[in-house]
Amino acid sequence: MEKSLWTLGVLLISLVPCITSDIQSRKGTSKRVPRAVDSGDANDGKRCGYTFMVPQQRITGPICVNTKASAPSKDQVTRMDLENLKDALAKQRRETEMLQVVVDVDGNIVNEVKLLRKESRNMNSRVTQLYMQLLHEIIRKRDNTLEIAHLENKILNVTAEMLRAATRYKELETKYASLIDVVNNQSAIISQLEEQCLRVFSRRDPHGSPPLVQVVPQHIPNSQQYTPGLGGSNEIQRDTGYPRVRDSRQPPQGPAPTASPFRVPPVTIINEGPFRDCKHAKDSGFSSTGIYLIKPKNANSHMQLWCENSLDPGGWAVIQRRSDGSANFFRNWETYKKGFGNIDSEYWLGLENIYQLTNQDNYKLLIELEDWNSKKVYAEYSSFRLEPESDYYRLRLGTYQGNAGDSMVWHNGKQFTTLDRDRDTYSGNCAHFHKGGWWYNACAHANLNGVWYRGGIYRSKHQDGIYWAEYRGGSYSLKKVQMLIRPIE
């Protein structure tokens with residue numbers, strides 16, 4: 001439509017200067033309007049210009065325009081009509097362009113509506129999926145709630161059972177205490193009988209100390225005593241400011257009934273550190289006794305260590321403790337190497353940890369012993385360190401000072417022995433006889449990692465208690481023992 005209108009407009013504009021004749025009616029007779037004659041050319045006066053038909057409402061015949069007519073005819077097309085037609089055509093063209101823009105916009109809107117419908121379908125699918133997930137989660141939480149309620153019922157039942165067990169345990173403790181009293185009385189009687197036998201056969205120790213019961217043949221190879229200053233000794237003179245009172249060893253006495261030693265000491269855990277050792281922690285302002293995080297020089301890992309600051313001058317690191325028999329010390333090599341037990345009760349720090357500690361500085365060793373009469377004695381050595389694992393953690397000790405007697409001189413310079421790694425000088429395995437790990441010679445004058453026996457004097461096929469031969473003898477199992485080390489100042 002738009003193309004046809006443009007064509008008609010161009011034809012009308014090109015025929016404006018032409019002279020048109022009168023339009024004859026089809027129903028009437030033919031009557032022509034006189035042709036306009038150009039005044040300049042008489043020969044061309046009879047010429048006429050033709051044009052194409054232009055529809056007003058509907059084109060029914062040809063149209064001629066007379067530019068020379070003196071008066072307009074109602075059937076002739078004037079310039080005004082052409083201008084009006086051009087305006088109408090321009091207006092229709094603008095409306096057509098506007099309609100085209102509207103159609104384009106409507107097409108874009110339709111496409112957007114389609115996309116929105118597609119997204120709406122996707123959203124509905126996602127909402128359905130989320131709803132199903134929420135439904136499954138609600139069902140799962142309901143099942144978990146039921147399971148938690150079931151577990152709570154189990155916990156209540158177990159708690160009730162624990163209370164009943166605690167009641168039975170208290171009853172057993174009472175019975176056990178009465179049995180201990182009987183055993184102690186029997187032990188006292190046995191001790192008196194043994195003294196009488198020794199008196200009869202003249203085997204009593206002239207110095208008043210009990211004899212060391214043999215657990216190996218009488219023919220024991222003599223051990224060479226370790227000489228300080230040789231073989232890599234790090235002996236340094238002891239700290240003379242450490243207050244001690246020299247005391248002589250006491251003969252065995254009949255043990256009196258004692259209260260149960262099973263108790264939980266208050267524990268202080270220091271979350272600072274790590275420190276090089278307990279003295280470093282104390283010098284850093286931490287003077288409480290408790291568990292500290294320690295990392296020696298050149299060590300690859302940390303360790304937890306019980307630091308004892310109640311003993312003058314403080315900064316003591318506990319490497320071994322025996323107090324209640326709660327830990328089993330009859331272990332293999334790897335366990336003794338890494339350490340075991342409860343750090344706030346009975347424990348062994350570990351050979352590798354002790355080696356790392358004692359080889360970063362010069363250390364001294366303090367051994368505290370307590371019998372079943374609550375009497376405490378000590379043995380202090382001016383230097384203490386271990387050789388590496390390649391030398392089976394060989395023991396290096398300095399000079400002795402104390403009131404417990406020197407039972408460690410027998411073990412000085414010896415390698416560590418366990419049930420699965422025999423490094424003693426006896427033909428058998430001393431760890432098998434003494435039920436522990438130690439720097440055995442052939443076999444032991446000190447067995448601080450032996451079996452914890454209650455009551456002191458014990459009877460065993462082998463000498464496997466916790467004993468210190470120079471104090472109370474090998475047939476007396478001590479109540480408490482601890483080994484502590486500290487840098488030498």
Side-chain angles (χ1 to χ4, degrees), residues 223-236 274-280 292-307 316-321 329-341 343 347-367 381-400 408-426 429-431 434 436-444 446-449 483-488:
S223 61
Q224 297 180 356
Q225 182 175 352
Y226 171 68
T227 303
L230 299 177
S233 169
N234 61 348
E235 179 181 348
I236 301 176
F275 305 100
R276 292 191 304 273
D277 52 24
C278 292
K279 182 178 180 298
H280 181 209
Y292 286 77
L293 188 63
I294 303 298
K295 186 178 185 299
K297 294 179 181 177
N298 302 323
N300 296 326
S301 60
H302 302 74
M303 69 180 78
Q304 282 188 327
L305 189 59
W306 183 277
C307 293
W316 292 95
V318 180
I319 63 174
Q320 186 256 25
R321 184 192 291 124
F329 275 68
F330 194 26
R331 305 293 188 101
N332 59 15
W333 177 267
E334 282 300 319
T335 308
Y336 265 99
K337 175 184 174 181
K338 296 178 180 178
F340 56 88
I343 197 168
Y347 81 100
W348 172 260
L349 180 60
L351 290 167
E352 184 63 26
N353 291 334
I354 298 173
Y355 165 74
Q356 295 289 346
L357 277 173
T358 57
N359 281 270
Q360 68 175 345
D361 202 347
N362 295 320
Y363 283 79
K364 59 184 177 181
L365 172 66
L366 172 64
I367 301 176
Y381 295 87
S382 59
S383 64
F384 169 78
R385 66 183 177 87
L386 300 182
E387 300 294 345
E389 185 181 10
S390 59
D391 197 17
Y392 296 94
Y393 300 109
R394 190 184 299 273
L395 177 64
R396 301 298 188 186
L397 287 176
T399 57
Y400 161 80
M408 286 295 287
V409 65
W410 174 258
H411 304 277
N412 194 11
K414 299 300 178 290
Q415 296 175 334
F416 202 85
T417 293
T418 58
L419 182 65
D420 58 338
R421 196 163 299 190
D422 186 4
R423 304 300 300 177
D424 56 50
T425 59
Y426 177 54
N429 189 332
C430 293
H434 294 292
W438 196 251
W439 297 276
Y440 291 116
N441 189 339
C443 281
N447 191 39
L448 303 187
N449 287 342
M483 300 173 64
L484 310 95
I485 61 174
R486 186 182 190 276
I488 302 173

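All residue numbers refer to positions in the sequence shown, counting from 1.
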Item to check | Qualifying residues under side-chain hydrogen bond (donor to acceptor under 3.5 Å, both in side chains), relative to R423, sequence neighbours excluded | outcome: Q415
Checklist outcome for this item: Sorted by chain and residue number, the salt bridge (Lys or Arg N to Asp or Glu O under 4.0 Å) partners of D391 (sequence neighbours excluded) come out as R394
Checklist entry - Considering residues at least two apart in sequence or located in another chain, which fulfil the side-chain hydrogen bond (donor to acceptor under 3.5 Å, both in side chains) criterion with D424? => result none
Checklist entry - Do any N or O atoms from the side chain of D277 and from the backbone of H280 form a donor-acceptor pair under 3.5 angstrom? => result yes
Checklist entry - How would you list, by chain and number, every residue that makes a side chain to side chain contact (heavy atoms under 4.5 Å, CB included) with A446, sequence neighbours excluded? => result S407, M408, H411, W438, W468
Checklist entry - Under the side-chain hydrogen bond (donor to acceptor under 3.5 Å, both in side chains) test, which residues partner T418, sequence neighbours left out? => result D420
Checklist entry - Mind checking what makes side chain to side chain contact (heavy atoms under 4.5 Å, CB included) contact with K338, not counting sequence neighbours? => result E334
Item to check | Residues in ring-ring contact (aromatic ring centres under 6.0 Å, His included) contact with Y393, at least two apart in sequence or another chain | outcome: W333
Next on the checklist: Using the ring-ring contact (aromatic ring centres under 6.0 Å, His included) criterion, which residues pair with F329? Sequence neighbours excluded.
Outcome noted: F340
Next on the checklist: Would you say the ring centers of F384 and Y363 fall short of 6.0 Å from each other?
Outcome noted: no
Item to check | Donor on one side chain, acceptor on other, Q356 and N298, under 3.5 Å | outcome: no
Item to check | Under the side-chain hydrogen bond (donor to acceptor under 3.5 Å, both in side chains) test, residues paired with Y336 that sit two or more places apart | outcome: none
